[in-house]
Amino acid sequence: MGMLKEEDKQYIREQFEGKLVGQVKILLFTQKLECEYCQPTEEILKELSELSELLTLDVHNLQIDSEDAKQYNIDKVPAIILLDEKDKDYGIRFFGIPSGYEFSSLLADIIDVSNGASDLAQELVAKIAGIQEPVDIKVFVTPTCPYCPGAVRAAHKIAIANPGMIKAQMIESTEFPHLANKYAVYGVPKTVINERVQFEGAMPDQAVVEQVLAAIQVTDS
Amino acid sequence: MEFSFSVSAPTKVDLAETYDLVIIGGGPTGLTAAIYASRAKLKTLVVEKGAPGGLVTTTEWIENYPGFPEGVAGPELGRAMQEQAQRFGTEIFKGQPENINLTSNPKEMTLGGKKVTVRAVIIATGTKPRKLNIPGEAELSGRGVSYCATCDGPFFAGKELVAVGAGNSGVQESIFLLKYATRITIVEYLPTIQAEKILVERFNSTGKGSFLLNHEVLSIEGSDKVTGVKVRDRVSGAETLIPCAGVFVWIGLVPQTDEFKDILKLDKWGYVEVDSELRTNIEGVWAAGDVISGATRQIAAAVGSGVTAAMSVEHKLSQQS
């Protein structure tokens, strides 16, 4: 018995059939020991990648493939990265299993990467595309939080608009308690931008874009 | 370990330029209205900013919705309703509508940067949790003050909590939080417990919870995170500090009508005033579910309200075409 229900597989197949354009490579970084969620993450991604011919799954080991890990800035597992057919990295990161509501974030991200664009409004894309310095967005979530995919997707869509500069991470709080502690996360979603600007709750895309722009100004001054 | 995977529709829908009906809010009301409208062959779009089901998704387990003798998980019910609506052709847009013009004809709004026009609108935005409005609440929100047990419960494993409000939500969600927390004190302003007896019995049987009735919450204490709650005995006037790592607030709900307050007629609490067919004061705009004045704010009632609104919309639009 797989992790996805047969009816869900069918639904995803139909979604992918209608909406995927180009290939998407799912990179998974994992390790054998001391990683409770690595194995189930690999299983769910394996099932998912079988639902479209345009999807491939590439599993790397954090220790053995340390050069790759370094290239993509991966320091904890499980970690998921989405690349397009030309190996373009859109800055999307999932740290921790994308289960519960976050699975729908992953599905939407795959469709966006396949299309090379999201539904972020054009005027916001223009603002984000103009950013010329590195931006790091961390979004802390729990899988049972219905508001969290809103925050994750906003961050990921912003990364897609300027992948050279912006990295946006989903962080599953219960798997990385040391990070939840470090960033004083007691409520989700919580977004931290460039270690300086932070806010709780899911906000409309425009408000998140404004926070990103504010974070750059803070960093500059 | 058991995992669930929500496969709700990805956001990328190719929006049409025009719809017969846009329903703002994808909770039980909006999704039920969508099922009826789609079956009546109205081109229907539901706009939902969060997960399918709205506030229902923050309820771990629902036992008073008919048809589920063992109860049903909130997210599961929301998702099933959304799937049912989609099966009949309803489109779902995830996000928030902007530049809403309800008074123009046709009505207009912007969705993800795209302008759409629409013949009829149902406001089914529902409610959000009411805040205490006491010192410390806003400052410590997300730092131990929470309104969503399913979201934030895991952060309080092995900790002691205070819940405010002994209604159904307060008691039910406290039972859920005891999966994580070691102890919960439910503080209630009134001298009596409002929750259903079956829930109170279940809460008491955990042996890890207690009620503090007839107490007013004065402030939430802590500098960078919650360390306690200050309460006052409404009889003796004595003030006490209850040490805790988190405070969950369930003191009722407020309508999500802020963006319509200049256009729609609202009652003094901010709920939308409607007639028996759920029409608002604006032609072509209906309101249904928890957001309307006098609603009982129960899922079963919300569902019925969605039906009434959809049938009224259908009747009206069939006269026009």
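Convention: sequence-line order gives letters A, B, ...; per-chain numbering from 1. The shown structure was predicted, so the numbers you read here are calculated from the model rather than taken from an experiment.
Using a 4.5 Å cut-off between heavy atoms, A:Tyr101 contacts chain B through both its backbone and its side chain. Looking at A:Ala202, there are no atoms closer than 4.5 Å to chain B (heavy atoms on both sides), in backbone or side chain. A:Pro98 touches chain B through its backbone: at least one of N, CA, C or O sits under 4.5 Å from a heavy atom, while the side chain does not. Looking at A:Ile44, the atoms closer than 4.5 Å to chain B (heavy atoms on both sides) all sit in the side chain, from C-beta outward. Proximity to chain B (any heavy atom under 4.5 Å) is restricted, for A:Ile97, to the side chain, taken from C-beta onward. For B:Glu60, no part lies under 4.5 angstrom from a heavy atom of chain A. Both the backbone and the side chain of B:Ser4 come within less than 4.5 Å of a heavy atom of chain A. Heavy atoms closer than 4.5 Å to chain A are found nowhere in B:Thr110, neither backbone nor side chain. Proximity to chain B (any heavy atom under 4.5 Å) is shown, for A:Pro149, by neither the backbone nor the side chain. Heavy atoms closer than 4.5 Å to chain B are found in the side chain of A:Thr174, but not in its backbone. The contact between B:Leu55 and chain A is made entirely by side chain atoms (from C-beta outward), counting heavy-atom distances below 4.5 Å. Interface remark: B:Pro52 contributes no atoms to any contact with chain A (heavy atom separation under 4.5 Å). In this structure, chain B has no heavy atom under 4.5 Å from any part of A:Glu123. For a residue to count as touching a neighbouring chain, one of its non-hydrogen atoms must lie under 4.5 Å from one of that chain's; by this rule A:Glu14 does not touch chain B. Using a 4.5 Å cut-off between heavy atoms, B:Tyr147 makes no contact with chain A at all.
A salt bridge is absent between A:Lys157 and A:Asp109; no separation between the charged side-chain nitrogens and carboxylate oxygens falls under 4.0 Å. Salt bridge A:Lys46/A:Glu50: present, at least one basic N to carboxylate O contact under 4.0 Å.
Using cut-offs of 30° and 60° for the angle between ring planes, the B:Trp250 and B:Phe248 rings count as parallel. Taking the six-membered ring where tryptophan is involved, the planes of A:His156 and A:Phe94 are perpendicular, since the angle between them exceeds 60° and thus also 30°.
The residue among B:Gly113, B:Cys151, B:Gly54, B:Ser146 with the most heavy atom pairs within less than 4.5 Å of chain A is B:Cys151. Taking B:Gly95, B:Gly246, B:Pro75 one by one and counting their heavy-atom pairs under 4.5 Å with chain A, the maximum is reached by B:Pro75. When the candidates B:Glu98, B:Lys114, B:Glu83, B:Arg79 are compared by the number of heavy-atom contacts under 4.5 Å with chain A, B:Arg79 comes out ahead. For chain B, the option among A:Pro143, A:Ser99, A:Ala121 with the highest count of heavy-atom pairs below 4.5 Å is A:Ser99.
Listed here is the closest heavy atom pair of A:Thr30 and A:Val59: CG2-CG1, 3.3 Å. Shown here for A:Asp136 and A:Glu195, the closest heavy-atom pair between the two residues is OD2-OE2, 4.0 Å.
For the side-chain contact (heavy atoms from CB on, under 4.5 Å) with B:Val229, the lone residue among B:Leu161, B:Ile134, B:Val162 that qualifies is B:Val162.
The OG1 atom of B:Thr18 sits 11.5 Å away from the NZ atom of B:Lys115 when rounded to the nearest 0.5 Å. Taking CD from B:Glu76 and CD1 from B:Ile62, the interatomic distance works out to 10.5 Å, rounded to the nearest 0.5 Å. Separating the NZ atom in A:Lys190 from the OG1 atom in A:Thr142 is a distance of 14.0 Å, to the nearest 0.5 Å.
Under a cut-off of 6.0 angstrom, the local environment of NZ in B:Lys230 is sparse, with at most 12 non-hydrogen atoms contributed by other residues, nucleotides or ligands.
Residues B:Ile92 and B:Leu31 are in side-chain contact: their nearest non-hydrogen atoms beyond the backbone lie under 4.5 Å apart.
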